[in-house]
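I have placed the structure first, in the form of structure tokens, so that the comments after it can refer back to it.
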Amino acid sequence: MAKNRRGFDPNAFLATIGDGRKMLAVEKKQLIFTQGDRADAVFYIQKGKVRLTVVSKTGREATIGILNEGSFFGEGALAGQLLRMGSAAAMTDCELLRVDKKAMIDALHREHAFSDIFVAYLLARNVRYEEDLVDQLFNSSEKRLARVLLLLAHFGKEGNPETVIPKISQETLAEMIGTTRSRVSFFMNRFRKLGFIHYNGGLQVHSSLLNIVLHD
């Protein structure tokens with residue numbers, strides 16, 4: 001990988017790792033790993049969306065993240081995690097790169113360009129988790145929902161509204177922001193009436209939704 005290369009081509013890079021790598025085609029709704037499974041690999045999303053969830057001892061399930069193309073997950077395996085702390089499932093048909101723990105560690109030690117990319121990604125994820133915590137502690141459920149919708153839409157690419165997940169359920173949104181489905185339904189209807197979102201072959205988010213997040 002050239003030192004001045006800004007992107008990461010997983011196919012070209014992983015082809016140099018050797019044993020321990022595998023391409024996976026995962027169908028929509030199929031489990032990738034389950035809470036309690038052995039943590040023995042890291043995954044990279046080449047195509048599709050992946051939902052991360054965790055189940056409490058009382059059986060309550062919570063969505064802790066929805067990841068898109070270009071995201072890593074399962075990295076806890078590199079930090080001494082023996083068993084998966086949560087589950088991962090495909091929200092759409094996915095193409096994943098699976099790298100065994102040992103192969104991933106060897107690659108991080110050997111390829112500095114890859115190490116830089118991976119560390120930068122982990123730092124960005126950590127910042128996102130801190131923002132999520134602050135969001136839960138200090139913001140209303142309406143603001144939390146608006147923020148999640150903007151994040152799912154990858155708002156900011158030339159200011160154009162983007163299709164989110166075509167069939168994301170209100171139950172999933174409620175899990176992500178820590179409220180009830182009825183509250184999500186109420187706010188979604190309000191956002192639609194105000195013109196912040198609309199449905200056209202999927203949920204689309206407009207820049208005007210930022211007014212909810214920024215309003216005190």
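Ion pairing between a basic and an acidic side chain is recognised when a charged N comes within 4.0 Å of a carboxylate O; E171 and R181 show such pairing. A salt bridge does not link R110 with D106: none of the charged nitrogens is closer than 4.0 Å to a carboxylate oxygen.
A distance-only check finds no donor-acceptor pair linking the side chain of N189 to the backbone of F186 [under 3.5 Å]. Formation of a donor-acceptor pair under 3.5 Å by the R144 side chain with backbone atoms of I177 is found in this model. No donor-acceptor pair closer than 3.5 Å links the side chain of E111 to the backbone N or O of L108. Formation of a donor-acceptor pair under 3.5 Å by the D93 side chain with backbone atoms of K28 is found in this model. A donor-acceptor pair is defined here as one N or O able to donate and one able to accept, closer than 3.5 Å; no such pair exists between the side chain of T179 and the backbone of R183. Distance alone, capped at 3.5 Å, is enough to place a donor-acceptor pair between the T92 side chain and the K49 backbone. A donor-acceptor contact shorter than 3.5 Å links the side chain of S169 to the backbone of T172.
Screening Q81, R98, K101 against D40 for a side chain to side chain donor-acceptor pair (under 3.5 Å) leaves a single residue, R98.
Side-chain contact check for D100 versus V42: every heavy-atom pair is 4.5 Å or farther apart. Contact of the N68 side chain with the I45 side chain is not registered, since no non-hydrogen atoms from C-beta on lie closer than 4.5 Å. For the pair Q35/V54, a side-chain contact is recorded, criterion being any heavy-atom separation below 4.5 Å from C-beta on. L203 is listed as a side-chain neighbour of M188, based on a closest heavy-atom distance under 4.5 Å. Residues I32 and V50 have side chains in contact (heavy-atom distance under 4.5 Å, counting atoms from C-beta outward). The side-chain heavy atoms of E142 and I212, taken from C-beta on, include a pair separated by under 4.5 Å. Using a 4.5 Å cut-off on side-chain heavy atoms (C-beta onward), E75 and R125 make contact.
If you check the side chains of R51 and T63, you find a donor sitting under 3.5 Å from an acceptor. Side-chain atoms of S182 and S185 form no donor-acceptor pair, as typed in the model, at a separation below 3.5 Å.
Taking the six-membered ring where the residue is Trp, F33 and F73 present tilted rings, their angle falling between 30° and 60°. Aromatic ring pairs are classed by plane angle as parallel below 30°, tilted from 30° to 60° and perpendicular above 60°; the pair F114 and F118 is tilted.
Counting non-hydrogen atoms of other residues, nucleotides and ligands closer than 6.0 Å to OH of Y121 gives a total above 12.
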Side chain to side chain contact (heavy atoms under 4.5 Å, CB included) between N211 and F196: does it pass, once the steps are laid out? CA-CA 9 Å; N211 294 330; F196 296 156; 4.2 Å; yes
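By the 4.5 Å side-chain criterion applied to Ile, Leu, Val, Met, Phe, Trp and Tyr, V119 is assigned to a cluster that also includes L123.
The minimum heavy-atom distance linking H109 with S115 is given by the pair N-OG, 4.4 Å.
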